[in-house]
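Hydrogens, waters and symmetry mates play no part in the numbers below; they use all other heavy atoms, side chains included.
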Amino acid sequence: GGFHWSPLDESPRPRQVWKRGSGLQSKKIVSYEEGGGNGGTGSDMRSTLALLMVSTANSGAPVEAWCLPVNGDSRGLLLGDDVLGAALCLPPAVAGKEGSSGYSPTEFYPLVVTANKIDGSDDVYLDVTSIGIDSTSGVLSKLDAVASVVVANDGHSEPQVLGPTMAMGTTPEVFLCNHGRYIVVALRSKGAVYAYELEEGSLKLVGQHNLGQYIIDAGVRRGGGEKEGDVEIVLLLCSDTTTKDGNIAKIGLGRVCRIEKTAE
């Protein structure tokens, strides 16, 4: 199950916030994150939703995406039984207010972004969906399709790049990262990165870069640009000459899309 660590003078330590249901039993957790907010401040601040990607121990098994309420009923919601990637993201209304003067936290559930295969194509379909919970039963459900897009590839398919052998395997195939209004899509085996801006009802492509190296890991953070709201994508890449070496790449999103790769 999922646990939150409590202060040493409180009991129980740690505190269980969700339990594995029958659909998650005996499955390997590929990734885990929490999001949303209960409207509390300080030590009373809590997440409202957990997102898990899980798979069986079999090599090449599909990856499932599940949502679970945090500190609530542990009945999970299966979002997809064969996804390439999944992540939580802020609703545009919340992203626009967060960090502004006078901002007061309110209870909200995050949106869920999934990357899915398109039958007969190498394209990736990106889907943003809102999640709701029944206040009486505590059951999660999909609500509205917020936005969707086929990840741009300029009309041609990027070739596979040299990848390492990793103990944890190569799933998920696609990394999805969110910061504020930006959603970053990293196609690991193609070494390609796309950045979208989530607006009401649409996903706008704001930057893309073909790194030509396998993406081992990726994340986003607040950038160092002059413009408020700038973000920076940080990637760990496999060397394009040997799988035993690598380097860090940084992509800034703001007024311009720039790429800076550190030395190996």
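Distance alone, capped at 3.5 Å, places no donor-acceptor pair between the Asp144 side chain and the Val146 backbone. Judged by distance alone, with hydrogens and angles left aside, the side-chain atoms of Thr48 form a donor-acceptor pair with the main-chain N or O of Phe108 at under 3.5 Å. No donor-acceptor distance shorter than 3.5 angstrom exists from the side chain of Thr114 to the backbone of Ala86, with no hydrogens or angles considered. With hydrogens and angles ignored, the 3.5 Å screen pairs a side-chain donor or acceptor of Asn178 with a backbone N or O of Gly180.
Partner Cys67 forms a side chain to side chain contact (heavy atoms under 4.5 Å, CB included) with one of Leu78, Leu51, Leu52 and no other, that one being Leu51. Across Asn116, Val151, Ile118, a single residue satisfies side chain to side chain contact (heavy atoms under 4.5 Å, CB included) together with Asp123, and that is Ile118.
Taking CG of Leu187 as the start and CD of Glu173 as the end, the distance is 10.0 Å to the nearest 0.5 Å.
Under the side-chain contact (heavy atoms from CB on, under 4.5 Å) criterion, Ala115 pairs with Leu84, Val124, Leu126, Val174, Leu176, sequence neighbours left out. The side-chain contact (heavy atoms from CB on, under 4.5 Å) search around Ile133 returns Pro69, Tyr109, Leu140, not counting sequence neighbours. By the salt bridge (charged side-chain N to carboxylate O under 4.0 Å, His left out) test, Arg46 pairs with no residue at all, sequence neighbours left out. Residues satisfying the salt bridge (charged side-chain N to carboxylate O under 4.0 Å, His left out) test with Lys117, not counting sequence neighbours, are Asp82. For Ser130, there are no side chain to side chain donor-acceptor pair (under 3.5 Å) partners at least two apart in sequence or on another chain. Scored by the salt bridge (charged side-chain N to carboxylate O under 4.0 Å, His left out) test, Glu34 finds no partners at all (sequence neighbours excluded). When the salt bridge (charged side-chain N to carboxylate O under 4.0 Å, His left out) test is applied to Glu197, the partners found at least two apart in sequence or on another chain are Arg181.
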Could you walk me through whether Ile183 and Cys177 satisfy the side chain to side chain contact (heavy atoms under 4.5 Å, CB included) test, starting with their C-alpha distance in whole Å, then the side-chain angles of each, then the deciding distance to 0.1 Å, before giving a yes or no?
CA-CA 6 Å; Ile183 296 174; Cys177 306; over 6 Å; no
Test Thr129 against Asp127 for side-chain hydrogen bond (donor to acceptor under 3.5 Å, both in side chains), laying out the working first.
CA-CA 6 Å; Thr129 305; Asp127 183 64; 2.8 Å; yes
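Following chains of ILVMFWY side-chain contacts shorter than 4.5 Å, one can reach Val206 starting from Ile251, so the two form part of one hydrophobic cluster.
Taking every heavy atom of both residues into account, Leu211 and Ala249 meet most closely at CD2-CB, 4.4 Å. Of all heavy-atom pairs spanning Thr56 and Ala61, the tightest one is OG1-CB, 3.1 Å. For the pair Arg188 and Phe175, the tightest heavy-atom approach, listed with the atom from each and the gap, is NE-CE1, 3.3 Å.
The stretch residues 14-47 participates, sequence neighbours left out, in these ring pair (Phe, Tyr, Trp, His ring centres under 6.0 Å) pairs: Trp18-Tyr32. Here ring pair (Phe, Tyr, Trp, His ring centres under 6.0 Å) pairs that include residues 114-147, with residues two or more places apart or in two chains, number zero. Listed by first and then second residue, the salt bridge (charged side-chain N to carboxylate O under 4.0 Å, His left out) pairs involving residues 60-70 are Lys27-Glu64 (not counting sequence neighbours).
Look at Glu232 and Lys250 and you find no salt bridge, because none of the NZ, NE, NH1 or NH2 atoms lies under 4.0 Å from a carboxylate O.
Under the 4.5 angstrom side-chain criterion for Ile, Leu, Val, Met, Phe, Trp and Tyr, Val139 has no cluster partners at all.
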Contacts under 3.5 angstrom, residues 161-172 side chains, donor-acceptor by atom type, not counting sequence neighbours:
none

